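On a predicted model such as this, the values are computed, not experimentally measured, just so you know.
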Amino acid sequence: MANKFPLLTSPIVLGRTTFRNRMFAAPVGATDITADCAPGRRTPPFYEIKAKGGAAAVTASELVVHPETDGSHMLHLDLQTPGLLAAHTWTADAISRHGAVATLEFSHSGQYAGTYLIDKDKKQGLCQWGPSDTTRPDGIPVKALSKEQIADIVQRYGETAKLAMRAGYGMIMVHGGHSWLLNQFISPWFNKRTDEYGGSFENRMRFPLEILQSVRDAVGPFFPIEFRMSGSELFDGGYDLAEGCKIAHAVEDLVDMVHVSAGSYQFGFFNTHLPMFAPHGDNVYLAEEIKKHVDIPVATIGALSDPYQMEEILREGKADVIYMARALMADPELPNKVIAGKEDEIEHCLRCFTCMAERPVTQTRRCSINPLIGREIEGLDVPAAPKAKKVLVVGGGIAGLRAAQTAAKRGHNVTLVEAQEKIGGILKCEETIPFKKEMYDLATTLERECISEGVEIKLGTKADAKFVEGFAPDALIIAVGSNPIVPPLPGIDKDKVIIVNDLYLHEDEVKDTVAVLGGGLAGCECAVHLNKLGKKVSIVEMRDTLAPDCNMRHRPILMKQIEDGIEVYTCTSGAAISDEGLVCKDKDGKEFTIPAETVICAVGQRPNRSGVDELRGTAPWIREIGDCTRPANITKASYEGYHAGLDV
């Protein structure tokens, strides 16, 4: 079999450990952490699924090395807490038994201690420690670590490294980036000390180098250690890439690989975690430059999931290892698919931040397109059905496709019918929006997977009651989606009005001035897209805020995109569409007109209940899934579709 990705799939040796390929799973916080800060029972399978999927290394994150000065509710590792060492051993075992190297990220939040506390009020009761006395932007005071505390932290890193080896971890990642404690000492913006730990570059590097020496002394010369760093802090007053190169050079004698990330917790969350509005691999240039200044392997990271792009990065010598975080939650099997030459089956991360937004809300993990994430303990494999049934899925959106795919994997005889001539449901409206490409591509990927599993897909087929009864299925899954809400406004039927669901069909008809009626997620993202095309765009929203249906991680960056030239009218309702534009009413009832040659109607969706009602009683087993029960998001559609396929 011809190998399209010879570099990406080639092994690499770090220390005296061979890693089976160049695709590594980046640190992602554990799904459940006990009150004693141990890996909970859901944590080992959360990491195991990535090892089983072919990643060469899987990193458990984040281990608090010195709890006395770091109050974050993250993993601990000591011998005093009963069961703690065992919990880590089970985690390392779950990874390594599938041929991956289990890695543990050593961390100290420094002045950002308490970041991951469930009870945010408790942050006020903590003592945040950092390199210097200061006050955080949120008003919390920070105390400078004493030399005695620094020495104790250095010693603890070495002691914890020995425990990590005992637990079965095969590599240690020392976190020195993203404004965590080691980065705070390195950074001239954070570090204002006047002793031997502050001032000059050599002094600012002293603490990180002492920690790395402590770890190296503990694990010996051949056990792999990597240093995770921000190639640049990417804000005024922080260090730049030139100093990032100096940092990498300073640590290379003590580590086996430099892991180059970007940005800072304080100023650049979205530089570190690239959103859908940024190019894939936007931070690779940092690793590329740093690689010129060191003689050890360099790893890169940053919204990478396309194996062709990753192979090119390696071929051009920009990095030696590719780290992925969100990509391997969306599709843990990505490395196996690359190795098998099935790259067209990869389900690519949407960069929607559902995975990161779920944790502070419910203290769990969830992925928009992967219903297993955070729930791996419930089973990683699709079980074979005891008896093959004739299954009919009505609706070719994400819910229907996922249901059909899952039912077919179980051995059922599955037919999917879609009334339109194209698969994808509501995702078809993302076709022309570049930053939603992965979302649109998901439908075509699932279609290919369904066909591969033997699903018969019938397009342009209306499944009414007569059709279903004639088909005589053993099981019927109804996924007929939702319909756009079209308000009965005067002029709503004018040619200048485009329903947001249909924008992909009429984008060439959009004129230079546009009013978007509806400031939910769909309306806002449509407005951003048209603004990027050079249109003069306004958003009209009757509520007092935009995109309340957007998750807490995606919303801030979406709002920044809107601030870039889009005019916003909140507490404002649409009254009519005139030849001049969109007639509106403000909260006081005063009428005014927003000039617009095109009006986009994006006021929401309602369940297609008529499509459901006409199919009631047409099969002995029926399940309704997706937007036809309640319009929501891809996460709900994927989850309900998967489990409907399991339940048949």
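With contacts defined as side-chain heavy-atom distances shorter than 4.5 Å, the pair H98/I49 does not qualify. Counting only heavy atoms from C-beta outward, the side chains of M276 and L350 never approach each other to under 4.5 Å. Residues F467 and V417 meet the side-chain proximity criterion, which asks for heavy atoms closer than 4.5 Å. Side chains of R375 and R366 form a contact here, defined as non-hydrogen atoms less than 4.5 Å apart. Within the 4.5 Å cutoff, no side-chain heavy atoms of I477 are placed close to those of I622. Side-chain contact check for L446 versus I398: some heavy-atom pair is nearer than 4.5 Å. Looking at E376 and R42, their side chains never come closer than 4.5 Å, going by heavy atoms from C-beta outward. Looking only at side-chain heavy atoms (C-beta outward), V528 and F435 come within less than 4.5 Å of each other.
Panel note: side chain E453, backbone V455; no donor-acceptor pair is recorded below 3.5 Å. No donor-acceptor pair under 3.5 Å is formed between the side chain of R623 and the backbone N or O of L476. The backbone N or O of E345 lies less than 3.5 Å from a partner atom in the side chain of K337, making a donor-acceptor pair. A donor-acceptor contact shorter than 3.5 Å links the side chain of Y47 to the backbone of A30. Checking side-chain atoms of N370 against main-chain N and O of M329 turns up a donor-acceptor pair under 3.5 Å. In this structure a side-chain-to-backbone donor-acceptor pair under 3.5 Å is missing from D464 to E614. Looking at D474, its side chain does come within 3.5 Å of a backbone N or O of K390 through a donor-acceptor pair. Listed for the T572 side chain is a donor-acceptor partner under 3.5 Å among the backbone atoms of T570. Looking only at distances, a side-chain donor or acceptor of R351 sits under 3.5 Å from a matching main-chain atom of A278. Between the side chain of R448 and the backbone N or O of D344, at least one donor-acceptor pair lies under 3.5 Å.
What you find for T406 and V382 is that their closest heavy atoms are O-CG1, 3.9 Å. Shown here for P607 and C628, the closest heavy-atom pair between the two residues is CB-O, 3.3 Å. Contact between A602 and G523 at its shortest, heavy atoms only, is CB-CA, 3.8 Å.
The pair K536-D512 fails the salt-bridge criterion, with no side-chain N (NZ, NE, NH1 or NH2) lying under 4.0 Å from an Asp/Glu carboxylate O. Contact check on K52 versus D381 returns a salt bridge, with a Lys/Arg side-chain nitrogen under 4.0 Å from an Asp/Glu carboxylate oxygen. Remark: K409 does not engage E449 in a salt bridge, criterion side-chain N to carboxylate O under 4.0 Å. Salt-bridge formation is not detected for the pair K636/D627: no Lys NZ or Arg NE/NH1/NH2 atom is positioned less than 4.0 Å from an Asp or Glu carboxylate oxygen. A salt bridge links E525 to K436: at least one charged side-chain nitrogen sits closer than 4.0 Å to a carboxylate oxygen. Using a cutoff of 4.0 Å between basic side-chain nitrogens and carboxylate oxygens, E597 and K511 are not scored as salt-bridged. Between R402 and E347, at least one side-chain N (NZ, or NE/NH1/NH2) sits under 4.0 Å from a carboxylate O, which counts as a salt bridge. Salt-bridge annotation for E624 and R616: present, with a side-chain N of the basic residue lying under 4.0 Å from a carboxylate O of the acidic one. Look at D32 and R41 and you find no salt bridge, because none of the NZ, NE, NH1 or NH2 atoms lies under 4.0 Å from a carboxylate O. Using a cutoff of 4.0 Å between basic side-chain nitrogens and carboxylate oxygens, K590 and D586 are not scored as salt-bridged.
Less than 6.0 angstrom separates the ring centroid of H554 from the ring centroid of F277.
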Worked check of side-chain contact (heavy atoms from CB on, under 4.5 Å) between I346 and S305: CA-CA 9 Å; I346 294 171; S305 66; 5.6 Å; no
Verdict with reasoning, K494 to D579, per salt bridge (Lys or Arg N to Asp or Glu O under 4.0 Å): CA-CA 9 Å; K494 286 180 178 289; D579 291 339; 3.0 Å; yes
Pair R543-S573, side chain to side chain donor-acceptor pair (under 3.5 Å): steps then yes or no: CA-CA 9 Å; R543 293 167 291 191; S573 59; over 6 Å; no
Chi angles and distances behind the side chain to side chain donor-acceptor pair (under 3.5 Å) call for Q605, N501: CA-CA 10 Å; Q605 301 286 126; N501 302 46; 3.0 Å; yes
CA sep, side-chain torsions, deciding dist, call: T43, T91, side chain to side chain donor-acceptor pair (under 3.5 Å): CA-CA 7 Å; T43 292; T91 301; over 6 Å; no
Evaluation steps, side chain to side chain donor-acceptor pair (under 3.5 Å), between Q309 and H280: CA-CA 9 Å; Q309 181 184 18; H280 292 276; 5.1 Å; no
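The aromatic rings of Y639 and H643 lie tilted to each other, with the angle between the two planes from 30° to 60°. The aromatic rings of F592 and Y569 sit tilted relative to each other, their planes meeting at an angle between 30° and 60°. The aromatic rings of F353 and F269 sit tilted, their planes meeting at an angle between 30° and 60°.
Interatomic distance, T593 OG1 to E591 CD, rounded to the nearest 0.5 Å: 7.0 Å.
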